[in-house]
Amino acid sequence: MSLHVYNTLNRRKEMFEPLQPNKVGMYVCGVTVYDYCHIGHGRVMVVFDVINRWLVQLGYDVNYVRNFTDVDDKIIKRALERGIEINQLTDEMIAAFHEDIGSLGCAIPNYEPRATAHMPDMVEMIAELVKKEHAYVAPSGDVLYAVRSFDGYGKLSGKNIDDLESGSRVDVDDSKRDPLDFVLWKMAKPGEPAWDSPWGEGRPGWHIECSAMSCSHLGASFDIHGGGMDLKFPHHENEIAQACAANGGDFARYWLHNGFVNINAEKMSKSLDNFFTIREVTKNYHPEILRMFILGTHYRSALDFSDSALDVAKAGLDRLYETKKRITHLGIKAQGSVPTAELSAEFCAAMNDDFNTPEALAALFDVNRALNKALNEDADITELLAQFDAMLSSLGLVQHDADSWFQSGDVDVSRIEALITERNEAKKARDFARADGIRNELIADGILLEDSPSGTTWKKV
RNA sequence: GGCAGGGUGGCUCAGUGGUACGGCGGAGGACUGCAAAUCCUUUAUUCGCGAGUUCGAUUCUCGCCCCUGCCUCCA
């Protein structure tokens with residue numbers, strides 16, 4: 001079965017066919033860098049990391065682009081509050097972003113453009129829109145996009161302009177020809193960061209940067225554009241209006257949107273102030289647990305965040321690491337990568353069906369069980385191990401050393417090892433009272449000893 | 001008000017026109033000096049409620065109830 005993806009544009013699953021055979025251009029909306037990433041951001045990054053991995057697994061040459069919004073009102077405000085330069089803030093947050101997202105096991109995209117590095121592209125696109133009369137200069141001096149000048153406006157989000165206005169919460173602004181018109185170029189107030197433009201010193205509106213950066217890296221028409229569900233309207237709608245009107249291309253052909261992360265059945269967001277940052281959560285839970293948690297639910301569904309959900313994710317991940325640990329201790333290594341044709345049919349079908357990671361995980365656990373069974377029976381595991389490995393790397397899971405997975409934290413390793421040696425001697429002498437005494441002593445410290453034919457190991461519990 | 005998505009066992013999460021995947025948890029067993037891990041067996045006559053279509057619906061249609069989201073910055 002070939003890859004099918006749910007395309008928000010047409011509200012159905014479609015067979016995925018890239019513009020150029022074997023090549024995929026994918027743009028994902030990144031973050032505005034004024035604060036640390038929360039779990040919701042983490043979800044987007046993990047989801048599209050897995051999508052990227054799968055496209056690569058399918059043999060596509062993927063050009064993955066993810067931007068940083070490093071000019072914006074919130075950034076200006078935050079820098080002012082902290083009394084630091086804007087660049088200092090954005091550099092700091094970009095570094096933190098890389099740390100956080102990297103800890104989640106996400107590969108770095110091919111390009112990570114910053115808005116401030118693409119001013120000429122934006123100015124050029126705005127000029128084109130003005131020239132084609134899709135944009136106009138308002139009395140305030142701001143350049144606005146005229147939504148009614150673009151026929152397809154509302155197609156992505158399934159809205160029409162008149163409906164939007166009837167029940168609208170859109171601010172009425174006299175300088176706008178239509179309340180839904182949005183800013184392309186914003187005139188700078190004194191003290192604000194500003195760039196030159198034919199309309200005076202100012203800065204770009206939020207939406208134009210993604211149109212300009214995606215087209216500049218991927219062309220006027222490209223394959224995939226992704227992001228969180230909340231960006232569907234107005235951000236992505238506006239991106240389409242800008243890019244299509246300016247370039248005349250298709251812009252993105254497949255629009256992929258991931259669902260929200262919820263807290264107590266409510267959307268996690270900055271505005272509701274009910275968010276957890278990645279670094280907060282990973283203080284208590286290994287980041288890979290967060291990744292497992294994210295992949296346990298289909299990317300388009302809502303994901304309910306709670307400690308108990310993370311505990312469940314951890315339990316599942318532990319199970320996979322147990323297998324890896326057994327294999328590691330037996331000194332067996334996987335032989336290279338597995339071509340897609342040889343990957344488990346169930347796993348492939350799941351991933352090809354709009355990246356159904358929960359179902360893919362079910363296939364993974366089936367292989368996990370088969371592998372342990374084979375190990376118990378001392379059978380040949382070459383094939384199973386290759387499958388196991390390929391699935392894990394497709395999902396970006398179990399990427400750490402198995403022993404350190406179970407042994408992380410503050411522990412006195414030499415003391416544990418000494419006690420293991422002492423206990424082994426006691427066992428040899430059939431002094432089980434002493435042996436159990438040692439084990440209980442360690443259990444009190446959160447250290448669990450496990451005997452196996454290949455020796456005694458320990459882990460933190 | 002408009003539009004969109006959802007309600008599946010103790011929890012979680014898939015899925016399908018022919019009585020339901022996986023994980024966690026529970027129970028029993030094998031293995032073990034005992035454990036742990038692993039494996040095996042078991043744990044929903046049932047998929048929000050009502051009606052319809054059908055030989056047959058959790059899956060399709062209609063109505064209802066409830067939840068969430070978008071319509072303003074937001075991943």
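By convention in this document, chain letters (A, B, ...) are assigned in the order of the sequence lines, proteins followed by strands, and residues within each chain are numbered from 1.
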Student: Rounding to the closest angstrom, what is the interatomic distance between B/G28 and B/A37 at atom P?
Tutor: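 That atom pair is separated by 15 Å.
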
Student: Please give the distance between the C1' atoms of B/U61 and B/U42 as a whole number of Å.
Tutor: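 Pairwise C1' distance, B/U61 against B/U42, rounds to 39 Å.
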
Student: Do A/Arg439 and B/A35 have a side chain to base donor-acceptor pair shorter than 3.5 Å?
Tutor: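 Answer yes: a donor N or O sits under 3.5 Å from an acceptor.
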
Student: Please report, rounded to the nearest Å, how far the C1' atom of B/U68 is from the CG atom of A/Leu303.
Tutor: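 That distance rounds to 14 Å.
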
Student: Taking the same atom, C1', in B/G26 and in B/G9, what whole-Å distance lies between them?
Tutor: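 The answer is 12 Å between these two C1' atoms.
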
Student: Using the C1' atom as the point on both nucleotides, what is the distance between B/G52 and B/U41, in whole Å?
Tutor: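 Nearest-Å result for B/U41 against B/G52 at atom C1': 42 Å.
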
Student: Does A/Ser301 make a side-chain N or O approach to OP1 or OP2 of B/A14 shorter than 4.0 Å?
Tutor: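 True: A/Ser301 side-chain N/O within range (under 4.0 Å) of B/A14 OP1/OP2.
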
Student: For B/G1 versus B/C64, give the span between their P atoms, rounded off to a whole number of Å.
Tutor: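 It works out to 12 Å between them.
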
Student: Taking OP1 and OP2 of B/G2, is either one under 4.0 Å from a side-chain nitrogen or oxygen of A/Asn160?
Tutor: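 No, because none of the side-chain N or O atoms of A/Asn160 sits under 4.0 Å from OP1 or OP2 of B/G2.
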
Student: Between A/Arg11 and B/C3, is there a contact of a side-chain N or O with OP1 or OP2 at under 4.0 Å?
Tutor: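 No, because none of the side-chain N or O atoms of A/Arg11 sits under 4.0 Å from OP1 or OP2 of B/C3.
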
Student: Taking atom P in both B/U43 and B/G23, what distance in whole Å separates the two?
Tutor: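 Their P atoms lie roughly 15 Å apart.
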
Student: Rounded to whole Å, please give me the gap between CZ in A/Phe260 and P in B/A4.
Tutor: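 Computing the A/Phe260:CZ to B/A4:P distance gives 16 Å.
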
Student: Identify the residue among A/Thr357, A/Leu361, A/Asn356 that makes a side chain to side chain contact (heavy atoms under 4.5 Å, CB included) with A/Glu359.
Tutor: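 Result: among A/Thr357, A/Leu361, A/Asn356, A/Asn356 is the only option passing the side chain to side chain contact (heavy atoms under 4.5 Å, CB included) with A/Glu359.
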
Student: Does A/Arg66 have a side-chain nitrogen or oxygen under 4.0 Å from the phosphate oxygens OP1 or OP2 of B/A75?
Tutor: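 No, because none of the side-chain N or O atoms of A/Arg66 sits under 4.0 Å from OP1 or OP2 of B/A75.
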
Student: Looking at B/G69, does its base get a donor-acceptor pair with the side chain of A/Asp230 below 3.5 Å?
Tutor: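 Not at all, since no donor on one side and acceptor on the other fall under 3.5 Å apart.
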
Student: Provide, to the nearest angstrom, the distance between the CD1 atom belonging to A/Ile438 and the C1' atom belonging to B/A36.
Tutor: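 So the CD1-C1' distance, A/Ile438 to B/A36, works out to 17 Å.
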
Student: Does a nitrogen or oxygen in the side chain of A/Arg369 sit under 4.0 Å from OP1 or OP2 of B/A37?
Tutor: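 For B/A37, OP1/OP2 do not have a side-chain N/O of A/Arg369 under 4.0 Å.
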
Student: Quick one: is B/C34 close enough that its OP1 or OP2 comes under 4.0 Å of any side-chain N or O from A/Lys427?
Tutor: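 False: A/Lys427 side-chain N/O out of range (4.0 Å or more) of B/C34 OP1/OP2.
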
Student: Roughly how far apart, to the nearest Å, are B/C3 and B/U58 at atom P?
Tutor: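 Going atom to atom, P in each nucleotide, I get 29 Å.
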
Student: By centroid distance (under 5.5 Å) and plane angle (under 30°), are A/Phe365 and B/G22 in a stacked arrangement?
Tutor: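 No, A/Phe365 does not stack on the base of B/G22.
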
